[in-house]
Amino acid sequence: MNIAEFLSGVFPWNRLPEAELATVAAAVKELNIASGEEIYRVGDTLKGLYFIRSGEVEITDANDGVLSSLGPRSAFGERGLIRDGIAVTNARSVTPTQLFLIPAQHFLALIDNNTNLNDFYARSRATRAARRSLTHTPVAALMSTDLKVIAPDTTLTDAAMLMRDFGISSVLVVEDGTLHGILTIRDVARVLAERLDPDTSVSHVMTVDPVTLPPDAIGSDVLHLIMERGIGHVPIVGDAGLLGIITKTDLTRFQAESSAEIIGDAAHAPDSDALAAITRRIPQLLAQLVGEGNRHDVTTRLVTDIADAVTRRLLTLAQVKLGPAPAPYLWLACGSQGRREQTGVSDQDNVLILSDAATEDDDAYFAEFARFVSDGLDRCGYVFCPGDMMATNPRWRQPLRVWRKYFKGWIAHPDKEAQMLASVMFDLRPIGGDLDLYAGLQTETLEAASRNSIFVAHMISNSLGHAPPLGLWRGFATMRSGEHRDHIDLKLNGVVPIVDLGRIYALRGRLSAVNTRARIEGAQAAGIISQSGGRDLLDAYDLIAQTRLEHQMKQVRRGEAPDNFMAPTTLGDFERSHLRNAFVVVRTMQSAAAQGRALP
């Protein structure tokens, strides 16, 4: 792949005209970096904007606390460049890495003269990022739909009590389905100041016929209206009537959240309580990312990056409290965090690999160490794994030699437990500690597993236990009883079957990727599945996973805790039809996997 072709696949560079892209490519320098080599440190003069062609780069703060781990097509160095050209973080290669470098002078000239690049690499990050996101965000992604409505003859006392009880700053006055007015905290304060009778009806003091916006408005429309009229609340009204409301607080909260800022706050949190306060911002961030139109894999990657940063901070805080670790260790995540696919609801799945030099006496330290980190994660909303797949369990806190024995045993004797454990452990990803403890283990395991056809067959059979929710007569197989009756589980019966397929493809092709989308794309490239079958599965995955996130976004906007249970009746006929077709694709690919063939 040449440089121009590479850049044409990276946003926002893919928006450059072909001729301009060729000019940029001609200025790019190719760098080959050895494993463990420093690229720059805080305070260094930056040479330009770096893109990762292949390999992995770790970004750390001034105290060498890990902020992020970047892979192919990621860029880094822009924060320092758009300030004063001085690095504000450290960058170090984790593996042998090939980089493309756009020299600093060339990069700055480009963003000064190109609107798309200038918008993306905004010099005033706080204001321009907020303005850019608002101009791309529909009001549906900002508004609250949990509306508190009162009649015009409601007394001021009752209205004030309603606002107090629900902790809200306004109530909407509706009669016969039509919005007549709005009563705000400011109105209540005026009533008190003027000593009006508290039994006066709200119709006498409310703002009559408040200014509204239609549902096709965007976030900047709300901001402009608030600034122009000096108001704090904007109802959203469509043909069907009152749909929601947006407040100035909603806009402030929306503009304040970004994954980078949350990660930065987490990296410097003094304790687990402070971390818990930071992670409470994640649902709002998720709703914002989905509302902006980001793809599901972008959203889940950013949400997972926060979990990684929180975990690494807890690892550091554990050693501050307990002292340095007595032996090298590596903390790894599995499950959705391991695959970088976390959404708004995730438990924790983690393990500890210890150096073979660790003694039995050292385990007392690591037991307390694991408990500190796991308790901290639980406090931050990553609840304890119901299956006890955590480093607090001695079984999952072992020296490297024991881990090698685990994997060999599961592959050699694939009983039900072995299949379940292998499914979890094939999604391992290092988070913090000595990376050398994992070097080679994944490759060894994939090679051994792929050679054992009986093990692979058992893994395929185990994966088929998660079936898409397809019912008769082109309907959905919804839950028949319980709390989630008439709902489908978009995780267990939607995303998980595709995750299982991706894992099977990785085993068959000895693919090192852990992320599901990367596994499917790798399987396509390796011929494990056909190009057409891979495209269909990726399209199905995108639709199902995006539907899941949009469901969670709507719950967050309503003030509810996000979950994975959606009633198909909440979708329109067109959406239901496409979602069912996506499930049909998954079932077809499951059948092909069971027969050991690729779809034509």
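- Dense packing is recorded around CG of L322, with more than 12 heavy atoms of other residues, nucleotides or ligands lying under 6.0 Å away.
- Enclosure of atom CD in E560 by more than 12 non-hydrogen atoms of other residues, nucleotides or ligands within 6.0 angstrom is indicated.
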Check step by step if side chain to side chain contact (heavy atoms under 4.5 Å, CB included) holds for L332 and R429. CA-CA 5 Å; L332 302 96; R429 182 171 61 86; over 6 Å; no
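- Within the 4.5 Å cutoff, the side chain of S272 has heavy atoms near those of the L314 side chain.
- A donor and an acceptor atom, one from each side chain of T304 and E341, are nowhere located under 3.5 Å apart.
- Atom CZ of R485 has 12 or fewer neighbouring heavy atoms from other residues, nucleotides or ligands inside a 6.0 Å radius.
- Side-chain contact, D542 with H296: a donor N or O sits under 3.5 Å from an acceptor N or O.
- The backbone N or O of L289 lies less than 3.5 Å from a partner atom in the side chain of N294, making a donor-acceptor pair.
- Results of the side-chain contact (heavy atoms from CB on, under 4.5 Å) test with M390 over Q348, R395, R371 single out Q348 as the only residue that passes.
- With no hydrogens or angles considered, no side-chain donor-acceptor pair links D308 and T311 at under 3.5 Å.
- Residues D388 and N393 have side chains that bring a donor and an acceptor to within less than 3.5 angstrom of each other.
- Remark: C385 SG to D378 CG distance equals 11.5 Å, nearest 0.5 Å.
- Applying side-chain contact (heavy atoms from CB on, under 4.5 Å) to D489 and the options D563, N564, T478, V496 leaves one that passes, N564.
- The backbone N or O of A307 sits nowhere less than 3.5 Å from a side-chain atom of Q342 that would complete a donor-acceptor pair.
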Which is it for F455 and Q419 under the side chain to side chain contact (heavy atoms under 4.5 Å, CB included) test, yes or no, and what are the steps along the way? CA-CA 8 Å; F455 174 78; Q419 295 167 38; 5.8 Å; no
Hey, mind stepping through R503 and D500 against salt bridge (Lys or Arg N to Asp or Glu O under 4.0 Å) and telling me if it holds? CA-CA 5 Å; R503 192 180 299 114; D500 289 341; 3.0 Å; yes
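- Note on ring orientation: taking the six-membered ring where Trp is involved, the planes of Y365 and F369 are parallel (angle under 30°, cut-offs 30° and 60°).
- Among the candidates D297, T299, D305, the single residue satisfying the side chain to side chain donor-acceptor pair (under 3.5 Å) test with R301 is D305.
- A heavy-atom distance below 4.5 Å is found between the side chains of M589 and I529.
- Taken from CD1 in I544 to CZ in F583, the straight-line distance is 4.5 Å, to the nearest 0.5 Å.
- Checked against the 6.0 Å centroid criterion, the rings of Y438 and W403 do not qualify as a close aromatic pair.
- Under a 4.0 Å N-O distance rule, the pair E521/R517 qualifies as a salt bridge.
- Under a 3.5 Å cut-off, the side chain of R73 and the backbone N or O of F6 do form a donor-acceptor pair.
- By the 4.5 Å heavy-atom criterion applied to side chains, L354 and F366 are counted as neighbours.
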Side chain to side chain contact (heavy atoms under 4.5 Å, CB included) between V303 and T343, intermediate numbers included: CA-CA 7 Å; V303 170; T343 65; over 6 Å; no
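- In this structure, I282 CD1 and C380 SG are separated by 8.0 Å, a value rounded to the nearest 0.5 Å.
- The main-chain N or O of D536 is never found under 3.5 Å from a side-chain atom of D539 such that the two would form a donor-acceptor pair.
- If you take OG1 on T279 and CD1 on I262, they are separated by 9.0 Å, rounding to the nearest 0.5 Å.
- Other residues, nucleotides and ligands place no more than 12 heavy atoms under 6.0 Å from the CD atom of E483.
- Here the shortest heavy-atom pairing between I520 and I498 reads CD1-CG2, 3.9 Å.
- The closest side-chain heavy-atom distance from C334 to V424 is below 4.5 Å.
- Salt bridge status for R404 with E444: present, with a side-chain N to carboxylate O gap under 4.0 Å.
- Without hydrogens or angle criteria, S8 side chain to E5 main chain gives a donor-acceptor distance under 3.5 Å.
- One N or O on the side chain of E37 and one on the backbone of A34 form a donor-acceptor pair closer than 3.5 Å.
- Separation of the F565 and H487 ring centroids does not fall under the 6.0 Å cut-off.
- Put simply, CG on L446 and CZ on R451 are 11.0 Å apart, with the number rounded to the nearest 0.5 Å.
- Outside the 6.0 Å centre-distance limit, the rings of F51 and F76 are not counted as a close aromatic pair.
- When all heavy atoms of P568 and F476 are compared, the pair lying nearest together is CB-CD1, 3.8 Å.
- Note that the CG atom of D273 and the CZ atom of R379 stand 5.5 Å from one another [nearest 0.5 Å].
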Quick one: do D427 and R519 satisfy salt bridge (Lys or Arg N to Asp or Glu O under 4.0 Å)? Show the steps, please. CA-CA 11 Å; D427 294 348; R519 282 171 165 171; 2.9 Å; yes
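- Q337 places no side-chain N or O within donor-acceptor distance of the main-chain N or O of N350, the cut-off being under 3.5 Å.
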Worked verdict on Q590 versus S463 for side chain to side chain contact (heavy atoms under 4.5 Å, CB included): CA-CA 8 Å; Q590 285 182 321; S463 70; 5.8 Å; no
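- Ion pairing between a basic and an acidic side chain is recognised when a charged N comes within 4.0 Å of a carboxylate O; R92 and E58 show such pairing.
- Counting only heavy atoms from C-beta outward, the side chains of E30 and R53 never approach each other to under 4.5 Å.
- Aromatic ring centres of Y50 and F100 lie farther apart than the 6.0 Å criterion allows.
- Using modelled atom types, no side-chain atom of D434 and backbone atom of L330 make a donor-acceptor pair closer than 3.5 Å.
- Using modelled atom types, one side-chain atom of S93 and one backbone atom of G36 make a donor-acceptor pair closer than 3.5 Å.
- Using a distance-only test at 3.5 Å, with no hydrogens or angles considered, a donor-acceptor pair links the side chain of T95 to the main chain of E56.
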